[in-house]
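Since the structure comes first, as structure tokens, the remarks are kept for the end.
Note on naming: letters A, B, ... go to the chains in the order of the sequence lines (proteins, then strands), and numbering restarts at 1 for each one.
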Amino acid sequence: MATFENVSITDDAALLLDKAHKDRVETVWDRHDAQQPQCGYCETGLSCRICIMGPCRIDPFGEGPQRGVCGADADIIVARNLCRMIAAGAASHSDHGRDLVEVLAAVAEGKAPGYRIRDEAKLKAVAAEYGLETEGKDTLALAGELADAMMEDYGMRRKCLTLVARAPEKRRQLWEKIGIIPRGIDRETSEMLHRTHMGVDNGWQSLLLQAMRNALSDGWGGSMIATEVSDILFGVPQPHPTTVNAGVLKKDQVNIVVHGHNPVVSEMILRACRSEQMLALAKEKGAAGINLAGVCCTGNELLMRHGIPMAGNHLMTELILSTGAVDMMLVDYQCIMPSLGAIAGCYHTLMISTSDKARFPNMEHCEFHPDNAENLARDLVARAVENFARRKQVYIPVEAVKAVGGFSVEAVVGALGGSPEPLAEAIKAGKIRGAVGIVGCNNPKIKHDYGHVTLTRRLIENDILVVDTGCVSVATAKAGLKVPEAIEMAGPGLKEICGALGIPPVLHLGSCVDNVRILVLASALANALGVDICDLPLAGAAPEWYSEKAATIGTYFVASGVFTVLGPMPPVTGSANVVGLLTEGLKDVVGATFAVEPDPEKAAVLIRRHIEEKRKALGIPALEI
Amino acid sequence: MKQVVVHPERCLGCMQCMVACAVAHSRSGRLYTALTEKPRPRPRIHVGAGLYQEGFPNRCRHCDPAPCQLACLAGAIFRHRETGTVFIDPDKCINCASCAMACPYGVIRFHEDPAAPPGKTVAVKCDNCDRRRAQGLVPACVEVCKSGALTYEEMDAAMGRKTAEVARSMSAGAEAAVSAPAIDLLMAVKKARLAL
């Protein structure tokens, strides 16, 4: 059984895990223990389930079988498995983007009551990038045209995705040269699955090139569309004060928690929570108000745009229920543990699944569509309010911590005075050594939040600006690193710059699709300095990643020229060739590589060394690390 | 006489041996049908997790003298003279668990079994796949192990091979007896992770 001292660095996780055990609730850590030892063939990437001449496995000790039934060796099997992982990640984020484009189209047709174009300026700016005439055009008509144009990006009629134009010219030329310009969002995923079918692409190098093109189709395609359309429909994020950890739940209020990824549902729930009618109903039922909180990335979406508090990240999603204080949890898709419904059954919590794509055991399914979302959200919030009276014992063991979120690229550039030049100048002068995007999930293989928080602390101490998204952003906010006063924990140069701008040394850039904001920011910086992304003193890190989506994000970071350090080892060690390509060979292909380092202290050293090497190559002051 | 030899440093923790063992001791002997049988067939080999979450296939050593046999007051545990295999007679077993308390390896389990009288819970452990061996087959766990963690060989030959391996590893500049870059790298990362 997982003991509460060794699974997390956070107090709320430790205390709530203790409570969960007393309540006989089984958690992700218990199930992880029960799974030990995990299969070595699968961990090394040497098992193949692609066809039914198999399943096959390769003996890494060299005496047993060295080829699958089809003849695939370790290199081919490991590469195919990794490719399929990346394809699944790209499919997930990009399909999330598709759902937003469909809402945009429905808004244009007047078939999505409750949704509207919240940011016309962004609509026009993005439409212009798609080559649409924006002057004097009706907003809804333009939204419809943009939705159509984006749908074309999903198909096979383009030679290059539209938003790839945002990448620096040198980067685009490089992609062109090595043949990995993404052509269609669905096309690249589809081609990846085709190539990994038995008897198609059996070159481990060419497979991995297509995996990079597939990841780029997400990073500069599906995910980027998801972020941009979310901004158009729900507003471009601006810095907002907020609070984080399990203490954001309120004893005297109706607590509704949204979990999942897509703002399409959570935004409607927020509207309903703020309606006069629902607030009056809450009062009538004896509650002081309605408290909407988030877990996972749909929470980040609301936090970015409205300052909605975050109750926790991936590994907190089960524990939050064991407070007994959640009157309703609504889920859409991705990263929602199928255990949640059963856990909610131990308390009074109503569990609602909302997406036609995602069903879960022990949850009530209430499907949201653009046409019914407004009314359904109101009905569900009313049920949550009614459920407030059924609460039994409530255990909220901690006080919420303050944080600031909402740093879109527009907000960051705005804070810099309208151009990325001041950031570039601070980097040149060495006040800021460089910048790192820390992204990704939690994983029970790593002490909860330890990787995120330790790495972030070490980097800001050394004058490296940190931008984060997803589960990382909650971890660092809980650690108190996301308030302007946190500059006290930063090195002198970073402290000076952030202090002058009034911003924290760790900037919350959003949900996991919002990693594309990092790409856009990196491109702006590269253009400001007249170099390629891979020349910049930048790095990426995923200290506690677990999901296929994270594999894709890491791949589009590297393919875009960003050195990326992973915490947990991906299932590739079975092929020395694949490991060599990912950690060394890619440098000659895309100018960046992966590294794997589970210890965040050592990862920080790797990253600092990389940043100083890049500084040296740029001819600006560099240190020896 | 050939015996099953365990090489724990080669175990990848895939648990294929557990599945194969359960199927070999089912009524039908086939995976898909075994899954629906009652009582549900269970393995007699058990893969545990080591300090670094590496696999360890734990099976009956058929000790001689066997502590379980000495502890069995009902006289249900006996040794087959030619093969050295220690068997439990399910008809004589009284489910007292004395054998399990005496077993230093914890490989005796108690449950219903196709070979036992219906409805009776009995002590169950590895029988060296005597039925399969009678058909000229190797024990099921050995057959499915592709990484060489379980082998079926003459004890003298196995010991000779081990002596040679150890001797070679003692030579100046020699690498470890068992070396697989894929596993070495994975284990290094695992150990680093677990050391945190």
- Under 4.5 Å to a heavy atom of chain B? For A:Gln38 that would be backbone
- Message: Less than 4.5 Å to any heavy atom of chain B: does that hold for the side chain of A:Val579, its backbone, both, or neither?
- Response: side chain
- Query: Taking every heavy-atom pair that is under 4.5 Å apart, which of A:Glu43, A:Lys447, A:Lys602 has the most such pairs with chain B?
  - Reply: A:Glu43
- What are the two closest heavy atoms between B:Gly13 and B:Val47, and how far apart are they? CA-CG1, 4.3 Å
- Item | Under 4.5 Å from a heavy atom of chain A, the part of B:Leu196 involved | side chain
- Message: Which one wins on heavy-atom pair count under 4.5 Å against chain A: B:Gly55, B:Ala192, B:Ala182?
- Response: B:Ala182
- Query: Can A:Val7 and A:Leu17 be said to form a side chain to side chain contact (heavy atoms under 4.5 Å, CB included), step by step?
  - Reply: CA-CA 9 Å; A:Val7 299; A:Leu17 184 62; 3.5 Å; yes
- Compare all side-chain heavy atoms of A:Thr573 with those of A:Leu46 and state whether any distance is below 4.5 angstrom. no
- Which atoms of A:Lys445 approach chain B - backbone, side chain, both or neither, heavy atom under 4.5 Å: both
- Query: Does any N or O in the side chain of B:Arg42 come within less than 3.5 Å of the main-chain N or O of B:Pro39, such that one atom is a donor and the other an acceptor?
  - Reply: no
- Item | Option that, when pairs with chain A are counted at under 4.5 Å, heavy atom only, ranks first among B:Ala49, B:Ala195, B:Cys11, B:Gly148 | B:Ala49
- Message: Check this for me, if you would: do B:Arg161 and B:Glu165 make a salt bridge, where the nitrogen-to-carboxylate-oxygen distance has to be below 4.0 angstrom?
- Response: yes
- Message: Could you check whether A:His448 and A:Asn443, counting side-chain N and O atoms only, form a donor-acceptor pair closer than 3.5 Å?
- Response: no
- Item | Residue B:Gln53 versus chain A: region with a heavy atom under 4.5 Å | both
